[in-house]
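As structure tokens, the structure follows; a few thoughts come after it.
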Amino acid sequence: MSNSQRHSRYVFSYVNPDVDGVGCAIAYAEWARRVRADTYTPVLWGALDAATRAALRHYAVPAPTTVDGLPPDCRVVLVDTHHLAQLPGCLDPRQVVEVVDHHPYGDTAAFPNARVQNEAVGAAATLVAERFDAAGIPPSPPVAGVLASAIVCSTWNLTAPSTSDRDHHALDRLREVTDFSASFAEELMAALDHAPATDETITLLSRHAKRFQFGAEGATRMVIAQIECSRPTAVTERGDLLDSIRAMARRENADHCFVSVVGLAEGVTDVVCPEPGTRALLEQVLHLSFNGDVAREHRLMLRKTDYVPRLGAHFGRRENLANSSREE
């Protein structure tokens with residue numbers, strides 16, 4: 001009996017993933033089947049966002065099956081994450097056999113059985129697309145379209161500070177395989193407006209929050225919500241925003257909690273933080289200047305390029321894996 005017959009195999013991202021996480025799960029499953037004759041099932045924890053729904057609909061690609069548990073003897077590949085705090089609680093880290101990610105300060109040591117690829121590119125989809133190139137085969141046109149959508153969304157149409165030459169090259173290669181138009185890229189960018197007026201503020205924050213643990217043994221717990229929208233005022237002028245940030249901090253038992261509102265149309269970032277201690281930390285580490293509870297930066301800021309690396313370095317995290325790759 002083959003190893004793939006003995007164990008169920010799944011590929012997924014963090015809870016409530018974006019198009020990069022979902023697209024990578026779908027594409028990895030196709031790559032594993034076509035290149036290694038392995039069967040991995042892409043699955044979903046949580047819900048799809050608007051941009052992901054738009055990409056899957058446009059290319060007629062089925063969404064991964066939503067699950068709420070895993071069999072004890074399964075094998076797991078993680079894509080677009082390797083932070084324990086962002087993963088479903090039922091996952092045993094020993095089940096993870098591979099990681100494909102592009103985020104700094106993950107929990108590599110927590111996955112003792114995993115081969116880890118964690119490289120500083122703008123989108124995890126770029127790493128999966130490169131695997132098809134290395135094998136000398138293109139992804140199927142629908143899957144290529146979803147990967148292209150993931151690169152565009154994760155790099156804000158190649159304008160984010162994390163964008164690399166590899167992202168540009170991967171997107172060009174994918175466009176040779178699938179129909180990915182400039183107009184659809186604009187449609188995806190419009191779908192990235194993550195601040196619909198109908199969402200309750202606490203729901204909005206929770207959907208876009210990620211949890212981090214910094215310092216020795218992860219002693220400092222932090223929640224950072226990153227919300228992309230056309231104009232920051234769609235979030236910052238909500239009357240219950242500060243109370244919602246405090247509520248999220250209490251619920252997550254976080255030492256620090258703040259919201260980064262990225263104004264894509266204006267090219268600015270508003271950082272909102274109601275607690276003086278956290279504001280003082282951000283002023284010290286990121287050199288932000290707060291006016292009350294809000295600090296405005298006249299540039300686009302990312303969790304993975306601006307906040308997490310600097311905060312991780314400040315708290316003395318022992319490993320910085322933004323450019324690491326481990327083979328076992």
Side-chain angles (χ1 to χ4, degrees), residues 14-16 18 49 83 85-86 103-105 156 159-162 192-215 218-317:
Y14 53 89
V15 178
N16 296 324
D18 61 9
D49 64 18
H83 292 82
Q86 299 165 14
H103 290 94
Y105 287 90
W156 300 333
T159 66
S162 59
L192 282 179
D193 194 325
H194 287 156
T198 54
D199 275 7
E200 292 185 356
T201 302
I202 189 64
T203 301
L204 178 68
L205 298 185
S206 299
R207 184 181 300 127
H208 298 288
K210 288 188 177 181
R211 297 146 191 85
F212 300 91
Q213 293 176 287
F214 296 115
T220 301
R221 298 177 299 275
M222 188 172 300
V223 176
I224 306 173
Q226 177 177 294
I227 304 173
E228 295 123 27
C229 52
S230 298
R231 291 174 174 78
T233 52
V235 177
T236 58
E237 291 186 354
R238 291 181 176 226
D240 61 345
L241 177 60
L242 300 181
D243 285 342
S244 296
I245 295 172
R246 294 187 183 101
M248 185 166 64
R250 289 193 300 270
R251 186 184 64 195
E252 299 294 338
N253 194 27
D255 301 294
H256 300 283
C257 183
F258 64 93
V259 178
S260 177
V261 188
V262 184
L264 297 174
E266 300 177 2
V268 299
T269 303
D270 282 354
V271 181
V272 186
C273 177
E275 297 304 321
T278 302
R279 291 199 300 269
L281 172 68
L282 298 178
E283 287 175 341
Q284 176 187 354
V285 176
L286 285 97
H287 308 295
L288 300 180
S289 179
F290 280 88
N291 181 9
D293 301 299
V294 181
R296 167 158 288 196
E297 287 288 299
H298 292 275
R299 60 189 178 95
L300 302 179
M301 298 177 68
L302 278 169
R303 221 169 1 212
K304 61 177 174 272
T305 56
D306 292 282
Y307 304 112
V308 175
R310 296 183 189 181
L311 289 164
H314 172 78
F315 284 106
R317 180 94 179 214

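One-based numbering along the sequence shown. Just so it is clear, the values below take in all heavy atoms, side chains as well, and ignore hydrogens, waters and symmetry mates.
Taken to the nearest 0.5 Å, the CD atom of Glu200 stands 11.0 Å off from the CG atom of Leu205. His208 contributes atom NE2, which lies 7.0 Å from atom CG of Asp49 (distance to the nearest 0.5 angstrom). Rounding to the nearest 0.5 angstrom, the gap separating the CG atom in Leu264 from the CG atom in Leu192 is 6.5 Å. In this structure, Arg246 CZ and Leu241 CG are separated by 9.5 Å, a value rounded to the nearest 0.5 Å.
With a 4.5 Å cut-off on side-chain heavy atoms, Val308 and His103 do not count as touching. At a threshold of 4.5 Å between non-hydrogen side-chain atoms, the residues Leu286 and Met301 count as touching. Contact annotation: the side chain of Glu252 never approaches that of Cys257 to less than 4.5 Å [non-hydrogen atoms, C-beta and beyond]. Contact annotation: the side chain of Cys273 never approaches that of Ile245 to less than 4.5 Å [non-hydrogen atoms, C-beta and beyond]. Contact check for Val268 versus Arg296: side-chain heavy atoms found under the 4.5 Å cut-off. Under the 4.5 Å side-chain criterion, counting only non-hydrogen atoms from C-beta, Arg251 is in contact with Ser206. Within the 4.5 Å cutoff, no side-chain heavy atoms of Ser244 are placed close to those of Arg238. A 4.5 Å side-chain heavy-atom check between Leu311 and Ile224 finds at least one atom pair inside the cut-off.
Other residues, nucleotides and ligands place more than 12 heavy atoms under 6.0 Å from the CZ atom of Arg310.
For the pair Arg299 (side chain) and Thr269 (backbone), a donor-acceptor distance under 3.5 Å is absent. Judged purely by atom type and a 3.5 angstrom limit, Thr201 has no side-chain atom pairing as donor or acceptor with the backbone of Asp240.
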Requested in this report: Assess whether side-chain contact (heavy atoms from CB on, under 4.5 Å) is satisfied between Phe214 and Asp255, documenting all intermediate values.
Outcome: CA-CA 11 Å; Phe214 296 115; Asp255 301 294; over 6 Å; no
Report task. Report the C-alpha separation of Lys210 and Arg303 in whole Å, then their side-chain angles, then the decisive distance to 0.1 Å, and conclude whether the side-chain contact (heavy atoms from CB on, under 4.5 Å) test is met. Result -> CA-CA 9 Å; Lys210 288 188 177 181; Arg303 221 169 1 212; 3.7 Å; yes
Query raised in the report: Under the side-chain contact (heavy atoms from CB on, under 4.5 Å) criterion, do Leu288 and Arg279 qualify, and how do the steps go?
Result: CA-CA 8 Å; Leu288 300 180; Arg279 291 199 300 269; over 6 Å; no
Report task. Assess whether side-chain contact (heavy atoms from CB on, under 4.5 Å) is satisfied between Asp306 and Gln226, documenting all intermediate values. Result -> CA-CA 12 Å; Asp306 292 282; Gln226 177 177 294; over 6 Å; no
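Applying the ring-ring contact (aromatic ring centres under 6.0 Å, His included) definition to pairs two or more places apart or across chains, those involving residues 248-297 are Phe258-Tyr307.
Closest of all the heavy-atom pairs between Pro274 and Asp293 is CA-OD1, 3.6 Å. Residues Pro104 and Lys304 approach most closely at CG-O, 3.2 Å, considering heavy atoms. Closest non-hydrogen pair, Val223 versus Ala254, comes out as CG2-CB, 3.8 Å.
For the side chain to side chain contact (heavy atoms under 4.5 Å, CB included) criterion with Ile227, the lone passing option out of Val272, Leu204, Asp270, Thr236 is Leu204.
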